[in-house]
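What follows is a short report on a single structure.
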There are 2 protein chains.
Amino acid sequence: MGRRKSYDRAVLLGKAMEVFRDHGFAGTSAEMLVEELGVNRFSLYAEFGSKQGLFDAVLQRYDDEVVERNFGPLEEPGAGVDEIRALLEFFGSARKSPAWGRGCLLCNTAVEFGPEDPSGAGFIQRYFDRVSASFLSALENARNRGELSHAVNPEKEAGFFTAAVLGMFVMLRAKAPVSVIQGAAQVAIEHLKAIRA
Amino acid sequence: MGRRKSYDRAVLLGKAMEVFRDHGFAGTSAEMLVEELGVNRFSLYAEFGSKQGLFDAVLQRYDDEVVERNFGPLEEPGAGVDEIRALLEFFGSARKSPAWGRGCLLCNTAVEFGPEDPSGAGFIQRYFDRVSASFLSALENARNRGELSHAVNPEKEAGFFTAAVLGMFVMLRAKAPVSVIQGAAQVAIEHLKAIRA
DNA sequence: ATGATATCTAAATAATCGTTTAGAAAAAAG
DNA sequence: CTTTTTTCTAAACGATTATTTAGATATCAT
């Protein structure tokens, strides 16, 4: 069987997630990864193939873990207005949010690479699709339960909440004034009340 | 007096603005700048001192030119709801927007560097301040003219529109589905109608 | 035309980039 | 224990990074 690994893949991915989230893909060097993950270069490349390979694995894990935790509740069959409000309150907590100074890894990556998709895995497109679809799902549930005004268009509202959350990610990332972030969240929640039946 | 410069500083800044906007600071190399600006390394460093110096000059120009063009109208004494709607419609045009595939340089930079301010010039903080303040100015004008419902809080609304616009910048940058971008803009405009007196 | 001054070209700088290689160390299988 | 397999350490790889230097070239003032 040979020598045992002195590292745990899952632990490595977790640490790499933090580093990439803080410094971006281009801003993270192999040197930094070796330092922060506490693993040798050889093992890093044996395990993930390349910096890009590690990054792809990190994006996948971020989607499975963080995006799932944040937007998964909206995708539940029973989700509705309450779940959307909880999400907005969560990110609206500004300094108390885990995204304070970090933002969202997938949002950051979308901005860093723009229209180019370096990995070809389509993480970014799926990210926008998932976020807007999760809002749409919760809104359509609410509408079917008669909780939403007939005048509202769920598709457009989903796009709207997607933009609101992405904008909050940007402000959280750069530590914009807390009052601005909180104002954004509060008005978005008020809008949520305003479209009720 | 010596030999004349074969380049125009303003032209160089304009081209550098495009390159940095497309590829970010870390993603732009001196090689790319020499290539795209059509100027030699020596002159580039003689004129701007360093890559960071050029970037700072570019950010300043972007603020003076692009941010001024987009948000300047909101800062006018006569500005109000109409100017906000025009701005939202402009960025909501998605594929037809000049930000399609590019986003906003200052928004991109805010995400790339996060809470760190490499230049120390505070461009990012001033950016958030200016954008939210421009919305606030237009909203307060409208309120003073009695165009806004008494229930609305201009400060919070300003934070909200700031987030909405930043979110649209992110989606424009990464070429998110057009329907999502347009939905965001349309609902934001509907919200604008909803808070009228 | 001459001398001074400034910008040009083009090569080279040291440092860092992502990645690989050679050999030592460790642990399983026989 | 010996062999085999795997990971480890540590050095090195070529390429690219941002920046600088030396010398040729051009334009001014005289």
Side-chain angles (χ1 to χ4, degrees), chain A residues 1-59 105 108-109 112-113 116-121 123, chain B residues 1-13 15-59 105 108-109 112-113 116-121:
Chain A
M1 281 282 285
R3 185 171 175 173
R4 292 175 190 147
K5 297 177 181 178
S6 66
Y7 59 86
D8 178 23
R9 190 177 211 268
V11 172
L12 254 51
L13 278 175
K15 292 182 179 175
M17 206 168 78
E18 290 187 26
V19 181
F20 280 126
R21 192 172 176 181
D22 283 341
H23 304 99
F25 179 74
T28 299
S29 67
E31 187 67 34
M32 291 169 64
L33 289 166
V34 167
E35 183 80 11
E36 298 292 324
L37 308 202
V39 72
N40 52 80
R41 276 176 174 70
F42 178 86
S43 300
L44 204 62
Y45 279 86
E47 187 70 40
F48 301 105
S50 66
K51 182 186 171 186
Q52 182 73 52
L54 169 58
F55 190 62
D56 287 355
V58 162
L59 290 183
L105 175 60
N108 296 351
T109 304
E112 176 171 4
F113 293 111
E116 307 162 28
D117 185 348
S119 77
F123 285 107
Chain B
M1 283 282 286
R3 184 171 177 174
R4 292 176 191 145
K5 297 177 181 178
S6 65
Y7 58 87
D8 178 22
R9 190 179 211 268
V11 173
L12 255 48
L13 278 175
K15 292 182 179 176
M17 207 169 76
E18 290 187 27
V19 181
F20 280 127
R21 191 172 177 182
D22 283 341
H23 304 99
F25 179 76
T28 300
S29 66
E31 188 67 34
M32 290 169 64
L33 289 167
V34 167
E35 183 80 11
E36 298 292 324
L37 308 201
V39 73
N40 53 79
R41 276 176 175 69
F42 178 88
S43 300
L44 204 62
Y45 278 86
E47 187 70 38
F48 302 104
S50 64
K51 181 186 171 186
Q52 181 73 53
L54 170 59
F55 190 62
D56 288 355
V58 162
L59 290 183
L105 175 60
N108 296 351
T109 304
E112 176 171 5
F113 293 111
E116 306 162 28
D117 185 349
S119 77

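In what follows, chains are A, B, ... by sequence order, proteins preceding strands, each numbered from 1.
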B:Gln52 meets the side chain to side chain donor-acceptor pair (under 3.5 Å) criterion, sequence neighbours left out, with B:Asp56
Name all residues meeting the salt bridge (Lys or Arg N to Asp or Glu O under 4.0 Å) criterion together with B:Asp22; count only those two or more places apart in sequence or in a different chain, and write none if there are none. B:Arg102
Take atom OH of A:Tyr7 and atom P of D:dT9, then tell me their distance rounded to the nearest Å. 11 Å
Within this structure, what is the CD-to-C1' distance between B:Gln52 and D:dA18, rounded to whole angstrom? 12 Å
Rounded to whole Å, the CD-C1' distance (B:Glu47 to C:dA6) equals 13 Å
Without swapping roles, check the side chain of A:Glu112 against the backbone of A:Ala26 for a donor-acceptor pair under 3.5 Å. yes
Would you write the dot-bracket representation of DNA chain C, where each base gets (, ), [, ], | or . depending on whether it forms a Watson-Crick or G-U pair under 3.5 Å and with which partner? |||||||.|||||||||.||||||||||||
For D:dT9, does the base pair up with any side-chain atom of A:Arg41 as donor and acceptor (N or O, under 3.5 Å, distance only)? no
For the CG atom of A:Leu12 and the CZ atom of A:Phe48, what is their distance to the nearest 0.5 Å? 5.0 Å
Roughly how many Å is it from CZ in A:Phe55 to P in C:dG18, rounded to a whole number? 13 Å
Quick one: A:Leu33 CG to C:dC17 P, roughly how many Å, whole number? 11 Å
Calculate the interatomic distance between B:Phe48 atom CZ and C:dT7 atom P; express it in whole Å. 13 Å
Separation of D:dT19 atom C1' from B:Asn40 atom CG, nearest Å, is 14 Å
Side chain to side chain donor-acceptor pair (under 3.5 Å) partners for B:Lys5, two or more places apart: B:Glu47
Starting at CG of A:Leu37, measure out to CG of A:Leu54 and round the result to the nearest 0.5 Å. 7.0 Å
Select from A:Met32 and A:Gly49 the residue whose nearest nucleotide in DNA chain C is closer to the 5' end of that strand. A:Met32
Please list, by residue number, the residues of residues 8-31 of chain A whose heavy atoms come closer than 4.0 Å to an atom of DNA chain C; answer none if no residue qualifies. A:Thr28, A:Ser29, A:Ala30
To the nearest angstrom, how far is B:Tyr45 atom OH from D:dA18 atom P? 6 Å
Check nucleotides 23-25 of chain C against the protein and report each pair of N or O atoms closer than 3.5 Å, with its distance, or say if there are none.
unit_1 : atom_1 : unit_2 : atom_2 : d
C:dA25 : N3     : A:Arg3 : NH1    : 3.3

Validation row: B:Thr109, B:Phe25 side chains within 4.5 angstrom (heavy atoms): no
